[in-house]
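Reviewing the structure listed below.
Quick note on labels: first sequence line is chain A, next is B, and so on, each numbered from 1.
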Amino acid sequence: EAGVTQFPSHSVIEKGQTVTLRCDPISGHDNLYWYRRVMGKEIKFLLHFVKESKQDESGMPNNRFLAERTGGTYSTLKVQPAELEDSGVYFCASSQVWSGYTFGSGTRLTVV
Amino acid sequence: SQQGEEDPQALSIQEGENATMNCSYKTSINNLQWYRQNSGRGLVHLILIRSNEREKHSGRLRVTLDTSKKSSSLLITASRAADTASYFCATDAWRGSEKLVFGKGTKLTVNP
């Protein structure tokens, strides 16, 4: 079974640019989550999809972040425009019912 | 207040020694999990302990949970250089959403 796939693995962009991160969950997993770890700080929840619906987006930091999951399969997280404080590692995870999370390898975003 | 706060923040030991990391949390939980992150890479699930369990073992890992003290510990026995990583505990709230709340983690260095 393929795991959770995230790409790119690393992205370096300039402040003000747009970046789109992608997450492919494990096939058949209805639940998809985004988390991020800003340098040296704790890993924080961003949002939770159930299929294509946003179940909980309480962790989204501001309106520069837009997450979508069209068709309930893969998800994208767009940051527009990117700011320096957005640098960090963005993790995606998926689960089915309460089967436990499987995390992807993360995308390291560096905004310069 | 932050859930899942680990201590120590950093721990350096010699290969073969045991490593103990602690985690405290503040609200009632459903499960507590421990994860590992190797130098900026993805999160790897180590072990899950349910709120009605007190101790769990998996290979060289031993996890304890004391719900009266709202604390957990992760013991790694006979450590290896490959155990060098950051370790995080994560909790999901009782009757809450399925989102996980992570702490800042313990950075473990195992010297050969």
Side-chain angles (χ1 to χ4, degrees), chain A residues 3-12 21 23-26 29-50 53-60 67 87-110, chain B residues 1-10 21-27 29-53 56 58 61 63 85-108:
Chain A
V4 176
T5 305
Q6 291 187 249
F7 49 93
S9 58
H10 193 183
S11 179
V12 181
L21 314 180
C23 170
D24 285 56
I26 291 174
H29 279 193
D30 290 339
N31 295 290
L32 187 148
Y33 309 82
W34 284 97
Y35 290 80
R36 73 172 180 176
R37 186 184 187 200
V38 173
M39 188 65 69
K41 296 189 177 180
E42 63 269 29
I43 300 168
K44 284 196 170 179
F45 167 82
L46 295 178
L47 87 160
H48 171 203
F49 283 100
V50 176
S53 299
K54 292 176 184 175
Q55 180 79 4
D56 181 354
E57 51 183 329
S58 61
M60 295 288 266
S87 295
V89 181
Y90 289 75
F91 296 102
C92 174
S94 71
S95 72
Q96 183 64 312
V97 190
W98 182 238
S99 62
Y101 282 56
T102 300
F103 277 87
S105 297
T107 293
R108 179 175 291 279
L109 175 64
T110 304
Chain B
S1 297
Q2 181 63 44
Q3 283 270 73
E5 299 183 5
E6 294 92 335
D7 78 85
Q9 291 187 352
M21 289 160 271
N22 303 297
C23 166
S24 62
Y25 58 91
K26 298 189 187 311
T27 63
I29 63 168
N30 202 27
N31 302 293
L32 185 144
Q33 305 179 59
W34 285 89
Y35 287 86
R36 182 184 72 213
Q37 184 190 18
N38 289 68
S39 60
R41 300 181 69 182
L43 285 171
V44 174
H45 179 259
L46 296 176
I47 197 165
L48 178 150
I49 187 165
R50 301 191 188 284
S51 58
N52 61 354
E53 296 177 310
K56 205 161 183 180
S58 177
L61 305 180
V63 170
S86 291
Y87 291 81
F88 299 89
C89 72
T91 56
D92 62 330
W94 177 248
R95 293 184 181 174
S97 74
E98 291 184 15
K99 69 183 181 186
L100 297 179
V101 181
F102 288 85
K104 292 185 180 181
T106 293
K107 185 172 174 56
L108 174 66

Look up atom NZ in B:K99 and atom OH in A:Y33, then write down how far apart they are to the nearest 0.5 Å.
-> 11.5 Å
Would you mind checking which part of A:S58 comes under 4.5 Å of any heavy atom in chain B, side chain (CB onward), backbone (N, CA, C, O), both or neither?
-> side chain
Results of salt bridge (Lys or Arg N to Asp or Glu O under 4.0 Å) for B:K56 - residues two or more places apart only = B:E53
Heavy-atom side-chain proximity of B:L43 to A:Y35 below 4.5 angstrom = no
Any donor-acceptor pair under 3.5 Å linking the side chain of B:Y35 with the backbone of A:F103?
-> no
Got a sec: does the NZ of A:K54 have more than 12 other heavy atoms crowding it under 6.0 Å?
-> yes
Heavy atoms, side chains only, cut-off 4.5 Å: are B:F88 and A:E42 in contact?
-> no
Can you name the side-chain hydrogen bond (donor to acceptor under 3.5 Å, both in side chains) partners of A:S53, sequence neighbours left out?
-> none
Which atoms form the tightest heavy-atom contact between B:F102 and A:I43, and what is the distance?
-> CB-O, 3.3 Å
To the nearest 0.5 Å, how far apart are CG in B:L48 and OH in A:Y101?
-> 11.0 Å
